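See structure below.
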Amino acid sequence: MCNLYTGTWVKDNDYPIYKPGSCPYVDEAFDCQSNGRPDSDYVRWRWKPDGCDLPRFNATDFLERLRGKRLMLVGDSMNRNQFESILCLLREGLTNKSKMYEDYNCTVVFVRSHFLVKEGIRINEQGNSNPTLSIDKIDKTSDRWKQADILIFNTAHWWVHGKTARGINYYKEGDYLYPKFDAVEAYRRALKTWARWIDENIKPEAKLVLYRGYSSAHFRGGDWNSGGSCTGESEPILSGAVLDTYPLKMKIVEEVIQEMKVPVILLNVTRLTNSRKDGHPGIYGKALKEGKMNSMRREDCSHWCLPGVPDAWNELIYATLVFKKQF
């Protein structure tokens with residue numbers, strides 16, 4: 001099997017797989033065309049691995065593979081982005097668009113878990129409540145994870161800002177609250193907690209576990225909360241050093257997965273997202289009023305327009321199922 005994650009984006013006029021504005025599952029935040037985005041070339045790119053072709057996406061076949069099964073995406077809003085994409089892609093295989101469950105007895109679920117480990121609250125000396133993160137305890141939603149046949153996890157974006165990045169009076173192990181703790185080491189320990197839970201609770205012969213890698217953001221001239229922008233980007237970056245950017249977090253993910261007993265498929269989308277500076281909502285995460293651009297609005301250069309880049313992640317999941325002959 002070739003490496004599905006090294007390749008390039010090619011223009012394909014048969015894309016997108018579903019029409020912009022046609023899918024009722026897309027949140028306003030990702031519905032860029034309906035929100036007034038004027039260009040549309042960004043929906044016409046298909047991911048092409050170097051050594052092989054992905055099987056052409058077949059929604060009906062994907063639904064057959066999911067018959068009687070529960071597919072669950074667990075993670076932050078990036079996984080919600082991917083969840084909405086998979087619903088839209090599968091919907092294309094239905095003759096009656098409102099009857100995915102009735103026709104195939106399959107369920108696709110999103111479970112919000114920002115960190116995969118347990119968020120908590122502590123009361124400080126002033127009587128105020130402050131958030132904490134127990135990096136040695138699994139998230140409270142984990143009982144629901146056991147109900148799934150196919151699991152797709154992610155955690156990344158919440159680790160890079162605010163309290164999580166600073167690590168002051170925030171990270172816990174057991175009853176001990178660290179006065180200061182390194183966020184990268186906390187990420188490693190949290191992932192190991194997740195890995196231990198998977199190894200102890202998942203039977204690999206009956207279930208499939210995937211971990212979706214870090215998805216790149218493209219803020220110019222600032223960050224998400226300091227005026228960063230990506231509006232007006234209409235083409236991917238197809239060459240240059242930026243395409244090989246690979247965050248330390250991803251190296252940690254690889255190390256943790258390699259040490260696990262249960263095989264986990266790493267959906268390693270980092271490099272294929274590096275080039276797609278054109279795929280984010282920017283200012284088009286909200287409907288524009290009377291055609292006016294709201295220059296005061298924060299831009300979203302981390303999530304993705306739908307149709308768009310997350311569709312390729314789900315095509316890679318479909319390809320994985322086809323190549324593995326599992327499900």
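The structure presented is a predicted model; accordingly, all values stated were derived computationally and were not measured.
The two residues Ser215 and Trp304 come nearest to each other via the heavy atoms OG-NE1, 2.9 Å. The two atoms that bring Thr270 and Thr245 nearest to each other are CG2-O, 4.0 Å, heavy atoms only. In terms of heavy-atom proximity, Pro20 sits nearest to Pro307 at CA-CD, 3.6 Å. Residues Gly282 and Thr231 come closest through the heavy atom pair CA-OG1, 3.5 Å. Of all heavy-atom pairs between Val256 and Lys192, the closest is CG2-CG, 4.0 Å. The two residues Ala312 and Trp47 make their nearest non-hydrogen contact at CB-CB, 4.3 Å.
By the neighbour-count criterion of 12 heavy atoms within 6.0 Å, atom NZ of Lys249 is densely surrounded, having more than that number from other residues, nucleotides or ligands. Other residues, nucleotides and ligands contribute only 12 or fewer heavy atoms inside 6.0 Å of the NZ atom of Lys203. Counting heavy atoms of neighbouring residues, nucleotides and ligands inside a 6.0 Å radius, atom NZ of Lys19 does not exceed 12 of them. No more than 12 heavy atoms of other residues, nucleotides or ligands lie within 6.0 Å of NZ in Lys140, so this atom counts as exposed by the packing criterion.
The side-chain heavy atoms of Met78 and Val269, taken from C-beta on, include no pair separated by under 4.5 Å. Residues Leu151 and Leu208 have side chains not in contact (no heavy-atom distance under 4.5 Å, counting atoms from C-beta outward). Within the 4.5 Å cutoff, side-chain heavy atoms of Phe153 are placed close to those of Trp145. Looking at heavy atoms from C-beta onward, Pro131 lies in side-chain contact with Tyr170 at the 4.5 angstrom threshold. Contact annotation: the side chain of Leu71 approaches that of Ile152 to within less than 4.5 Å [non-hydrogen atoms, C-beta and beyond]. Considering only heavy atoms from C-beta on, Ile237 comes within 4.5 Å of Lys277 through its side chain. Side-chain atoms of Val209 and Ile150, non-hydrogen and from C-beta on, never get closer than 4.5 Å to each other. Inter-residue side-chain proximity for Pro49 and Asn3 is flagged as unmet; no heavy-atom pair is nearer than 4.5 Å.
Donor-acceptor pairing under 3.5 Å is recorded for the side chains of Asp76 and Asn154. Side chains of Tyr284 and Glu299: no donor on one and acceptor on the other come within 3.5 Å. Between the side chains of Glu254 and Tyr211, not a single donor N or O lies within less than 3.5 Å of an accepting N or O. With 3.5 Å as the limit, one finds a donor-acceptor pair spanning the side chains of Ser85 and Asn314. For the 3.5 Å distance criterion, the side chains of Asn79 and Arg212 qualify, holding a donor opposite an acceptor. In this model, no donor atom of one side chain and acceptor atom of the other lie less than 3.5 Å apart for Tyr171 and Asp136. In summary, the side chains of Trp197 and Thr193 do not present any donor paired with an acceptor at a separation below 3.5 Å, with no hydrogens or angles considered. Using modelled atom types and a 3.5 Å distance limit, the side chains of Tyr18 and Asp311 yield a donor-acceptor pair.
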*Verdict with reasoning, Cys305 to Tyr42, per side chain to side chain contact (heavy atoms under 4.5 Å, CB included)*: CA-CA 9 Å; Cys305 296; Tyr42 69 93; 3.6 Å; yes
*Show the numbers, then the answer: is there a side chain to side chain donor-acceptor pair (under 3.5 Å) between Ser216 and Asn274?*
CA-CA 5 Å; Ser216 304; Asn274 283 347; 2.5 Å; yes
_Apply side chain to side chain contact (heavy atoms under 4.5 Å, CB included) to residues Leu94 and Thr60 and explain how you reach the verdict._
CA-CA 7 Å; Leu94 298 172; Thr60 313; over 6 Å; no
_Using the rule given for side chain to side chain contact (heavy atoms under 4.5 Å, CB included), can you reason through Ser275 versus Trp9, listing the C-alpha separation, both sets of side-chain angles and the distance that settles it, and then say yes or no?_
CA-CA 9 Å; Ser275 59; Trp9 292 92; 3.2 Å; yes
_Set out, in order, the CA-CA distance, both residues' side-chain angles and the distance that settles side chain to side chain donor-acceptor pair (under 3.5 Å) for Ser113 and Asp139, then state yes or no._
CA-CA 7 Å; Ser113 174; Asp139 185 62; 3.3 Å; yes
*In sequence, state the C-alpha distance, the side-chain angles, and the governing distance for Arg122 and Ser129, and then conclude on side chain to side chain contact (heavy atoms under 4.5 Å, CB included).*
CA-CA 6 Å; Arg122 71 181 184 94; Ser129 61; over 6 Å; no
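Ring planes of Phe57 and Tyr318: perpendicular class, angle over 60° (limits at 30 and 60°). Between His218 and His280, the ring-plane angle classifies as tilted under the 30° and 60° cut-offs. Relative orientation of the His303 and Phe30 rings is tilted, given thresholds of 30° and 60° on the angle between their planes. Ring-plane geometry between Tyr178 and Phe181 is classed as tilted, the angle between the planes lying from 30 to 60 degrees on a 0 to 90 degree scale.
A salt bridge is absent between Lys69 and Asp149; no separation between the charged side-chain nitrogens and carboxylate oxygens falls under 4.0 Å. With respect to Arg220 and Glu233, a salt bridge is recorded, a charged nitrogen being found less than 4.0 Å from a carboxylate O. By the 4.0 Å N-to-carboxylate-O rule, Arg189 lies close enough to Glu173 to be salt-bridged with it. Between Arg298 and Asp300 there is no salt bridge, since no side-chain nitrogen of the basic residue lies less than 4.0 Å from a carboxylate oxygen of the acidic one. A salt bridge links Arg188 and Glu255; the closest N-O separation between the charged side-chain nitrogens and carboxylate oxygens is under 4.0 Å. Salt-bridge annotation for Asp61 and Arg67: absent, with no side-chain N of the basic residue lying under 4.0 Å from a carboxylate O of the acidic one. Between Arg56 and Asp14, at least one side-chain nitrogen of the basic residue sits less than 4.0 Å from a carboxylate oxygen of the acidic one, meeting the salt-bridge criterion. A salt bridge is defined here as a Lys NZ or Arg NE, NH1 or NH2 lying under 4.0 Å from an Asp or Glu carboxylate O, and Lys48 with Asp53 meets this definition.
The one candidate from Val253, Thr164, Val117, Asp182 that meets the side-chain contact (heavy atoms from CB on, under 4.5 Å) condition with Tyr187 is Val253. A side-chain contact (heavy atoms from CB on, under 4.5 Å) with Tyr25 is found for exactly one of Ile86, Leu87, Val108, Leu306, namely Leu87.
Atom-to-atom distance recorded for Phe110:CZ and Arg112:CZ is 4.5 Å, nearest 0.5 angstrom. To the nearest 0.5 Å, the span separating CZ on Arg196 from CD1 on Ile198 amounts to 12.0 Å. Here the straight-line distance linking atom NE2 of His114 with atom CG of Leu133 works out to 11.5 Å at 0.5 Å rounding. Within the model, atoms NZ of Lys97 and CG of Leu90 stand 11.0 Å from one another, a figure rounded to the nearest 0.5 Å. From Ile257, atom CD1 reaches atom CG of Leu191 across 8.0 Å, with rounding to the nearest 0.5 Å. Rounded to the nearest 0.5 angstrom, Phe219 CZ and Ser229 OG are separated by 9.5 Å.
Under the 4.5 Å side-chain heavy-atom criterion for grouping Ile, Leu, Val, Met, Phe, Trp and Tyr, Leu210 is connected to Phe62 within one hydrophobic cluster. Linking Ile, Leu, Val, Met, Phe, Trp and Tyr whenever their side-chain heavy atoms come within less than 4.5 Å leaves Leu73 and Val264 in two separate clusters. No continuous path of ILVMFWY side-chain contacts below 4.5 Å connects Ile168 to Leu177, so the two sit in separate hydrophobic clusters.
The aromatic ring centres of Trp45 and Tyr15 sit 6.0 Å or more apart.
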